[in-house]
2 protein chains.
Amino acid sequence: MNNLDGISERTIERLALYRRLLSGLLEKGLEHIYSHQLAEFLGNTPAQVRRDIMSIGHVARSKKGYDIPELLTHIDSILSSGGDHRIALIGIGNLGRAILSYFNQQHSALRIVAAFDNDETRVNRVISGCRCYPMDELKEKVEGEEITLGIITVPGPSAQIVADALAAAGITGILNFAPVPLKTPEDVYVERIDITTAIEKVAFFAGKWRQKGT
Amino acid sequence: MNNLDGISERTIERLALYRRLLSGLLEKGLEHIYSHQLAEFLGNTPAQVRRDIMSIGHVARSKKGYDIPELLTHIDSILSSGGDHRIALIGIGNLGRAILSYFNQQHSALRIVAAFDNDETRVNRVISGCRCYPMDELKEKVEGEEITLGIITVPGPSAQIVADALAAAGITGILNFAPVPLKTPEDVYVERIDITTAIEKVAFFAGKWRQKGT
DNA sequence: ATTGTTTAGTGAAAGTTTTCACAGTGTTAA
DNA sequence: TTAACACTGTGAAAACTTTCACTAAACAAT
Ligand SMILES: NC(=O)c1ccc[n+]([C@@H]2O[C@H](COP(=O)([O-])OP(=O)(O)OC[C@H]3O[C@@H](n4cnc5c(N)ncnc54)[C@H](O)[C@@H]3O)[C@@H](O)[C@H]2O)c1
Ligand SMILES: NC(=O)c1ccc[n+]([C@@H]2O[C@H](COP(=O)([O-])OP(=O)(O)OC[C@H]3O[C@@H](n4cnc5c(N)ncnc54)[C@H](O)[C@@H]3O)[C@@H](O)[C@H]2O)c1
């Protein structure tokens, strides 16, 4: 399922963090960085940093730490090796609009190019530079605009229907914010972000820690 | 760090899902459920369901499946064993407002009772039933309202400052949406949700799958 | 009652991820 | 030129998580 080329799912997540961090450091004019510095920034261990970097086959030319532009280019090439993606967002509610406004300020390789909703008062306009369409144009636009990923921000009860529509339209990856697990064909990769669960988890562990020590 | 009472971090996340699911099933009048049915709903395996349930020390009275009200009560007692929590949200931007509107429609044990921002045009009003205050009232309100958790929805560059302020005010758990890792005292539990990273991950794996098979 | 079926509970195996610890090597300073 | 040092790359161990596979017990049907 995962683990392409010996790169684990967790490592991919951290590579995205390294990229963002390195990119910022580069802008500040930094040229080199040690694994322990990266670890310090990311809150993990130097050993993990080295193993992550090792797993993409990177070899530092010198022992003055990693060459930032080189490493950045390398990580970038791994992360973008899945190809370019154009994204559709379904569910132009509070969360959907927040994501639209955030996302289309930045990021060039990953762009939300179309948004959809079944509430007709929310469509046929432009939000944060993104065109909004009714649901019955989904398949047409996905195919026409060569959209490959979908972000689901509709209420739980509608999420499966939307996922089915996305899969039928030929999308291969979904980011699901609805608090329900989705059933999709095997060739659709699904990632879920469950904000409510995350808060419940914090509540549990924060409470436990308060009761005990560390 | 984690694994209180032999309950792993992953299990806690799934318990939150079981709770939500069972709660819905109970409302539909269902009384019993088999591990394989739970697994079907959650997209995992019956063995994992049984192990999760076992790990909280639950014992099914009969073999007709789990008694839903009983199991729900038990899971609830575990998840709420961290105590009640009142929550502060910092950063009344697009994402912050989406979370406010969503959260205060539901959930009684976990409530966002105050929101904060350093932009004075955004404070001293009520959004989705939640009072908004300027940052300099943070400590006072956290102490006065007995707030124990914080949700950070400010831009990356401000997140650490806000985290420091929350920790100083005595908060024990943080949910961080800003795309930067936070440094906090050991007795503050931090969970991060990184939407950008999640999309990059989907892009990577969806792309890879498209290139290969499964 | 008896028998066959089905399911929860669980030790042990398998799989995954993180951490340890050290060999090898570039770097620096004398 | 050499010696001391510091850091990377990595095999191996440890820690954690999931899955397998079997036992025992409840249940249903006869
Ligand atoms: N906002 C949050 O902070 C938050 C937190 C946790 C979970 N979520 C989840 O995220 C999702 C969106 O939350 P929200 O607050 O933006 O909700 P919202 O009600 O503001 O927006 C939902 C949007 O989806 C549209 N929609 C409904 N059914 C549809 C369908 N079948 N096809 C197309 N569009 C449809 C609605 O018209 C609406 O515009 C929900 O599943 C919610 O549970 C949100
Ligand atoms: N909106 C999204 O979909 C999205 C996606 C990925 C990440 N994020 C992250 O979530 C966070 C919030 O995103 P957003 O879209 O709501 O941003 P936003 O700009 O709409 O809102 C940020 C809010 O924080 C306030 N703020 C800034 N500095 C502050 C400080 N020091 N103290 C108190 N308040 C302060 C601002 O006044 C503003 O109201 C950001 O870190 C962003 O990177 C958001």
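Here is how names work: the chains are called A, B, and so on, in the same order as the sequence lines, proteins then strands, and each is numbered from 1.
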Assess the side chains of B:Asn94 and A:Ser101: does a donor N or O sit below 3.5 Å from an acceptor N or O? yes

Write down the distance between CG (B:Leu71) and C1' (C:dA8), rounded to a whole number of angstrom. 12 Å

Atom pair distance, as rounded to whole Å: CG in B:Asn44 and P in D:dT18: 9 Å

Residue A:Thr45, side-chain atoms from C-beta onward, closest of C:dT19, D:dT10, D:dC7: C:dT19

When you check the gap from the basic side-chain N to the acidic O, do A:Arg20 and B:Asp194 get nearer than 4.0 Å? yes

Can you tell whether the side chains of A:Arg86 and A:Glu145 come within less than 4.0 Å, N to carboxylate O? yes

B:Ser62 side chain, from C-beta outward: closest of D:dA26, C:dG9, D:dC20: D:dA26

Ignoring hydrogens and angles, state whether a donor on the side chain of B:Gln48 or B:Asp52 is under 3.5 Å from an acceptor on the partner side chain. no

A:Met54 atom CE is separated from D:dG9 atom C1', nearest whole Å, by 7 Å

Take atom CD1 of B:Ile53 and atom C1' of C:dT10, then tell me their distance rounded to the nearest Å. 14 Å

Between CD of A:Gln48 and C1' of D:dT10 the distance, given in whole Å, is 15 Å

Criterion side chain to side chain contact (heavy atoms under 4.5 Å, CB included) on B:Leu149 and B:Ile171, from CA distance to verdict: CA-CA 6 Å; B:Leu149 304 182; B:Ile171 256 170; 5.8 Å; no

Rounded to the nearest angstrom, tell me the gap between atom NE2 in B:His36 and atom P in C:dT7. 5 Å

Looking at every strand, decide which applies to A:His32 at a 4.0 Å heavy-atom threshold: base, sugar-phosphate, or nothing. nothing

Specify the separation, in whole Å, of atom CZ of B:Arg10 and atom P of D:dT19. 11 Å

Could you go over nucleotides 22-24 of chain C and give all protein N or O partners under 3.5 Å, atom names and distances?
{"from": "C:dG24", "atom 1": "N2", "to": "A:Lys63", "atom 2": "NZ", "distance (Å)": "3.1"}

B:Tyr66 side chain N/O closer than 4.0 Å to the phosphate oxygens (OP1, OP2) of D:dA26? no

Does A:Arg51 get its side chain close enough to the base of C:dT19, under 3.5 Å, for a donor-acceptor pair? yes

Check the distance between C:dT18's P and A:Glu9's CD and give it to me in whole angstrom. 11 Å

Nearest to the side chain of A:Lys64 - D:dG9, C:dT28, C:dG9? C:dT28

Residue B:Ser8, side-chain atoms from C-beta onward, closest of C:dA8, D:dT17, D:dC27: D:dT17

Give the C-alpha distance, both sets of side-chain angles, the deciding distance and a yes or no for side chain to side chain contact (heavy atoms under 4.5 Å, CB included) between B:Val49 and B:Tyr18. CA-CA 9 Å; B:Val49 169; B:Tyr18 298 142; 3.7 Å; yes

A:Ser35 side chain N/O closer than 4.0 Å to the phosphate oxygens (OP1, OP2) of D:dC7? no

Out of C:dT18, D:dT17, C:dG9, minimum distance to the side chain of A:Arg14 belongs to C:dT18

One thing to verify: whether B:Arg19 and A:Glu200 come together as a salt bridge, which I'm taking to mean a side-chain N less than 4.0 angstrom from a carboxylate O. yes

